[in-house]
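So the structure is just underneath, and the comments pick up after that.
Within every chain, numbering begins at 1; the chains are lettered A, B, ... in the order of the sequence lines, protein sequences first and strands thereafter. Every value quoted in this text rests on a predicted model; they were computed, and no experiment measured them.
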Protein chains: 2
Amino acid sequence: MTETGGGPVRSSAVEELDRQIVDLLMADGRMSYTDLGKATGLSTSAVHQRVRRLEQRGVIRGYAAIVDAEAVGLSLTAFISVKPFDPSAPDDIPERLADVPEIEACHSVAGDENYILKVRVSTPIELEHLLARVRTLAGVSTRTTVVLSTPYESRPPRI
Amino acid sequence: MTETGGGPVRSSAVEELDRQIVDLLMADGRMSYTDLGKATGLSTSAVHQRVRRLEQRGVIRGYAAIVDAEAVGLSLTAFISVKPFDPSAPDDIPERLADVPEIEACHSVAGDENYILKVRVSTPIELEHLLARVRTLAGVSTRTTVVLSTPYESRPPRI
DNA sequence: TATGAAATAAGGGGGCT
DNA sequence: AGCCCCCTTATTTCATA
């Protein structure tokens with residue numbers, strides 16, 4: 001092991017105990033180190049060390065409250081597929097859109113379009129304005145799929 | 001001698017305080033009640049009470065560690081758009097797919113297809129098997145968009 | 001093991017009906 | 001006036017470093 005820091009480790013194997021810890025923290029991000037220790041058979045400080053290491057390695061990128069978007073006024077979710085007007089131009093689309101707060105996620109994809117954006121706004125008019133901003137900022141054409149309802153979301157993966 | 005805090009006391013600020021708390025917890029789901037109190041000008045227990053109420057009302061649905069999917073062996077993300085073979089059949093697609101652990105999210109959408117699923121697997125072969133399972137379980141045809149890379153994801157919304 | 005945070009109980013003030 | 005909601009303070013228990 002010569003990797004001692006200076007960038008996220010991408011292809012690291014996560015061993016069994018780390019896997020358990022990550023699994024538990026994905027299901028309950030506020031679980032205490034004491035409870036994590038009980039669940040894994042480790043001491044509190046051993047768990048703490050492992051969690052800190054997982055955070056430093058970038059395996060755990062952070063923690064978040066999962067919030068009902070409607071309850072905070074973001075009633076409209078949509079997926080926007082984008083394709084550059086000029087396919088020969090250098091692709092800096094993610095960077096150009098990075099500061100648009102309505103964009104929750106940006107995925108580069110295989111298929112007809114180049115990127116899929118997941119966005120949240122309050123109203124259809126805001127979506128209209130957002131689409132105009134995206135087209136202008138990134139130099140893209142858009143195809144938008146409006147979400148009608150979300151049976152489930154943010155389910156922790158079984159790893 | 002009992003200074004109650006720096007902020008003005010206004011009952012109209014109640015909604016605003018909840019919004020602040022939710023905002024902070026979306027950005028850092030493990031922030032302590034003490035720190036939330038410092039950030040909002042409330043006492044620890046006032047924050048605690050508000051958070052519990054937000055949880056009970058369903059505004060805060062839970063907490064999760066945000067994990068680098070690749071680091072835990074889920075290297076392949078895809079969006080699967082599904083459409084029922086028999087459009088006249090009763091639509092219980094979300095229920096039929098609810099127990100498939102690879103499905104992280106299920107959105108009902110407007111457009112050519114009825115649902116968009118977000119899935120995570122380890123390998124292309126697993127994706128192939130997952131697609132077969134989805135088609136069989138839910139009685140749908142599928143159109144799959146493979147994610148090549150994810151510039152960003154899980155960004156907390158600005159509320 | 002010492003410090004700090006979480007949980008719980010008890011007391012007080014302001015707005016609303 | 002009375003009620004309800006919500007904030008504070010105080011104390012104990014428990015987690016963290």
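- In this structure, B/R50 pairs ionically with B/D18, as a charged nitrogen and a carboxylate oxygen lie closer than 4.0 Å.
- Look at CD on B/E15: it is 17 Å from P on C/dG15, rounded to the nearest Å.
- To the nearest angstrom, P of C/dA5 lies 14 Å from NE2 of B/H48.
- With respect to the salt-bridge test (charged N to carboxylate O, under 4.0 angstrom), the residues A/E104 and A/K118 qualify.
- When rounded to the nearest whole Å, the span between CG of B/L42 and P of C/dA5 equals 16 Å.
- Relative to the side chain of B/Y33, the nucleotides D/dT16, D/dT8, C/dA7 differ in distance, and C/dA7 lies closest.
- At whole-Å resolution of the value, CD in B/E16 and P in D/dC7 are 14 Å apart.
- Ring geometry for B/F79 versus A/H107: interplanar angle over 60°, hence perpendicular rather than tilted (30 to 60°).
- Distance B/L36 CG to C/dA7 P: 12 Å, rounded to the nearest Å.
- Nucleotide D/dC5 holds its P atom 13 Å from the CZ atom of B/R50, rounded to whole Å.
- The distance from atom CG of B/D18 to atom C1' of D/dC6 is 11 Å, rounded to the nearest whole Å.
- In this structure, the CZ atom of B/R52 is 14 Å from the P atom of D/dC7, given to the nearest Å.
- Residues A/L117 and A/V121 fall within the same hydrophobic cluster, defined by Ile, Leu, Val, Met, Phe, Trp and Tyr side chains chained together at heavy-atom separations under 4.5 Å.
- A/S45 comes within 4.0 angstrom of no nucleic acid atom, judged by non-hydrogen atoms across all strands.
- Of the candidate nucleotides C/dA5, D/dC6, D/dC7, D/dC7 has the atom nearest to the side chain of B/A46.
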